[in-house]
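Every number for a ligand or one of its atoms is a count from 1 in the order of the listing. These figures come from a predicted structure and were not determined experimentally.
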Amino acid sequence: MKITFFSHSTCMLEIHGKSILIDPFFSENPIFRNRKKNFLKFFKKIDYILLTHAHYDHVCDVELFSHKFHNVLVISNYEISNFFGKKGIKTYGINYGSFISFPFGKLKYTWAAHSSVFNDGTYGGNPGGFLFHTDEGNLYISGDTSVMYEMNLIPIFGKLKLSILPIGGKYTMDIEEAIMASDFLKSEKILGVHYDTFEDIRIDREEAKKKFYEKGKELILLEQEKTIHI
Ligand code: NI
Ligand code: MN
């Protein structure tokens with residue numbers, strides 16, 4: 001499994017030859033603002049776009065990508081899928097409670113303690129995360145959330161190779177909560193996201209890595225467009 005980090009919560013997964021874009025946030029992202037249109041050139045192929053919730057910093061470029069890649073399938077909760085379905089985009093709406101099989105593996109929509117509304121006020125359903133069970137390993141993406149006891153359920157379904165957790169605080173978990181979360185998840189390797197994009201979610205990267213290390217965990221913080229193989 002290949003994971004490329006862009007900025008904020010935006011990642012691209014490559015599993016079984018399928019390209020899966022998570023929470024695309026480029027055009028309104030202050031980090032990409034100076035090279036606005038250029039980010040599309042990076043992408044040769046996208047098969048799926050997965051959306052954790054309806055906040056603009058997770059969904060703002062869905063239409064742009066679906067215009068470039070006509071066959072892309074948007075997977076999210078029922079309400080978000082409906083929202084984009086009405087715009088003529090291919091969608092697949094799911095909700096909490098089961099694994100669903102896709103060509104890249106099994107996918108489960110998981111609970112998140114957050115909120116979910118589109119910029120125009122449209123209700124965005126319950127926020128969530130994604131649990132992947134694949135031949136190439138198991139991966140958990142929590143989405144924007146605080147730490148919560150429900151995370152204890154995740155490792156019962158199977159051992160995780162990696163967890164992708166927000167660490168920037170204010171709107172989501174901070175470093176301390178993300179360490180608690182990784183204990184609940186029985187996860188040793190964490191890719192940190194949702195930090196440094198805005199002034200109010202800045203972190204000290206070295207300090208953050210040290211705090212995880214002291215608890216026997218590895219916090220991975222990737223530069224933009226850097227890839228890891230797990
Ligand atoms: Ni959010
Ligand atoms: Mn967010």
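- A side-chain donor-acceptor contact under 3.5 Å links S187 and S163.
- Side-chain contact check for S27 and D61: at least one donor-acceptor pair (N or O, by modelled atom type) lies under 3.5 Å.
- By the 30° and 60° cut-offs, the orientation of the rings of F6 relative to F42 is perpendicular.
- Side-chain contact between I15 and I20 is present, with heavy atoms from C-beta onward closer than 4.5 Å.
- Sorted by chain and number, the protein atoms of type N, O or S within less than 2.8 Å of the Mn ion (ligand 2) are D57 OD2, H58 NE2, D144 OD2, H194 NE2.
- At distances below 3.5 Å, not a single donor-acceptor pair connects side-chain atoms of S19 with backbone N or O atoms of E14.
- Note that K18 lies outside the cation-pi zone of F104, set by a 6.0 Å cut-off to the ring centre and a 45° limit from the axis.
- Taking the six-membered ring where tryptophan is involved, the planes of F65 and F26 are tilted, since the angle between them lies from 30° to 60°.
- Note on ring orientation: taking the six-membered ring where Trp is involved, the planes of F39 and F32 are perpendicular (angle over 60°, cut-offs 30° and 60°).
- Protein N, O or S atom count below 2.8 Å of the Ni ion (ligand 1): the structure gives 4.
- Between the side chains of H53 and N77, no donor N or O sits under 3.5 Å from an acceptor N or O.
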